[in-house]
Amino acid sequence: MERITIFDTTLRDGEQSPGCSMNVPEKLRMAHQLDRLGVDVIEAGFPIASEGDFAAVQAIAAVVRRPIIAGLARACSKDIERAWQALQGAARPRIHVFLATSDIHLKYKLRISRQQCLEQAIEAIRLAKSLCDDVEFSPEDATRTDPDFLCQVVEAVVAAGATTVNIPDTVGYTTPVEFGELICLIRENVHGIENVTISAHCHDDLGLAVANSLAAIAAGARQVECTINGIGERAGNASLEEIVMAMRVRPDRLAYETEIVSEELFPASQMLSEITGVAVQPNKAIIGRNAFAHEAGIHQDGMLKNPLTYEIMTPQSVGVPDSKLVLGKHSGRHALGLRCEQLGHQFDRHQLDEVYRHFVVLADQIKHVEDVHLLELISAIEKDRAVAADDRAQVKSIPLDVPAFAAARPDSGHGHSKLLRTMSVSSGAGLASFPLNPMAEHHNDQEDYLWGV
Ligand SMILES: [Zn+2]
């Protein structure tokens, strides 16, 4: 099986979509999840774009050590130098340089000639290469670029030292057969192309981003650029979970492998929509709320007789929590911790203790703690913690890094639990209003045993 490099751009292209901007702690939290998910490359941001983007790339580069960390730069020295500065602490840095090549972009946006474009691309790649071994080049709007000129630019950047050449369908205009042919054309006509990785970057304006990405792979691309939940500019980018699961479910047709830990797909999706406050459409493939729901009688009948009748993959294979595992007051920390992870929350022992104490109180009052209750509980605890941190900061008069959850949008809560609201968990009164169960005070290992892990 051929190995495909998964280049995740949730934190860069994804973040550029309306309502999806993330602050530094939020990006850092997401980057850790992308690491657990097993992506090969994390495009962490566009360092010249803002101080926040610079800080996010720097912070991620410092602590996320396994994947390659990429920083985006326009084809000019100040962008490239800034990107390199942000990537200083990275174990495996990559500079990703882009420059538009289509006549429409050259004429109206950049106001340069093809010759100037070619020279600028070469110069930019030489500079990037002098700083970093791993250099990616993207001819923006490649699918509307004159194919001969595209090949000329690609050949020039390969000669100048680019190690990955990404072919972006920036405006989501191409179709699968056409895009596959373009990748073949580049492979057949560009001298030296066999020494670099060809990548695809597709947008979903016509709903073809995933199909186009798979067509590019079939034509020889060995890296795909994609995002969690398919977020991204306008209609979004190719969805990571759809590309990966298409390969997993149909190896007979798509004989490629990735390093993705598919059980982390749902947690990653949940975490992203919680951070951004942008919900996933219910019928979204792989990770939507209804992706594994069967309502029609005939389907339910078939599912009960044998899930294979209507299920091409199991919910568990993509990390959707097992609904048969009910969380109630007899659940232990282990089950609670697992469900929290599936919902996109990784807690250390101490944090889980805190969630557990409040969970026990809640479970005493309602029989089954549903996912929405748990998410609301976690959010209330985190807000409470952020307020406490804020108070401490004010006392000391020292500016403090705002924790990820403090900046959560007010509309991002899972506010449909009337029950919890009446308990004033999310009313702003904080957790002081929670009556603490005496049992909950015993938060040691013994308790795990008592509560039946
Ligand atoms: Zn894009």
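It should be emphasised that the depicted structure is a prediction, and the values quoted were computed from it without experimental measurement. Every number for a ligand or one of its atoms is a count from 1 in the order of the listing.
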Check this for me: does any side-chain nitrogen of one of R82 and E51 sit under 4.0 Å from a carboxylate oxygen of the other?
yes
Please report how many protein N/O/S atoms lie under 2.8 Å from the Zn ion (ligand 1).
3
In terms of the angle between their ring planes, are H201 and H203 parallel, tilted or perpendicular, with boundaries placed at 30° and 60°?
tilted
Taking side-chain contact (heavy atoms from CB on, under 4.5 Å) as the definition, give me every residue that meets it alongside Q116, ordered by chain and number, with sequence neighbours left out.
I112, S113
Do D141 and T170 have side-chain atoms, one donor and one acceptor, less than 3.5 Å apart?
no
Return yes if a side-chain donor-acceptor contact under 3.5 Å exists between Q33 and E264, otherwise no.
yes
Answer yes or no: is there an ion pair linking K284 with E242, defined by an N-O contact shorter than 4.0 Å?
yes
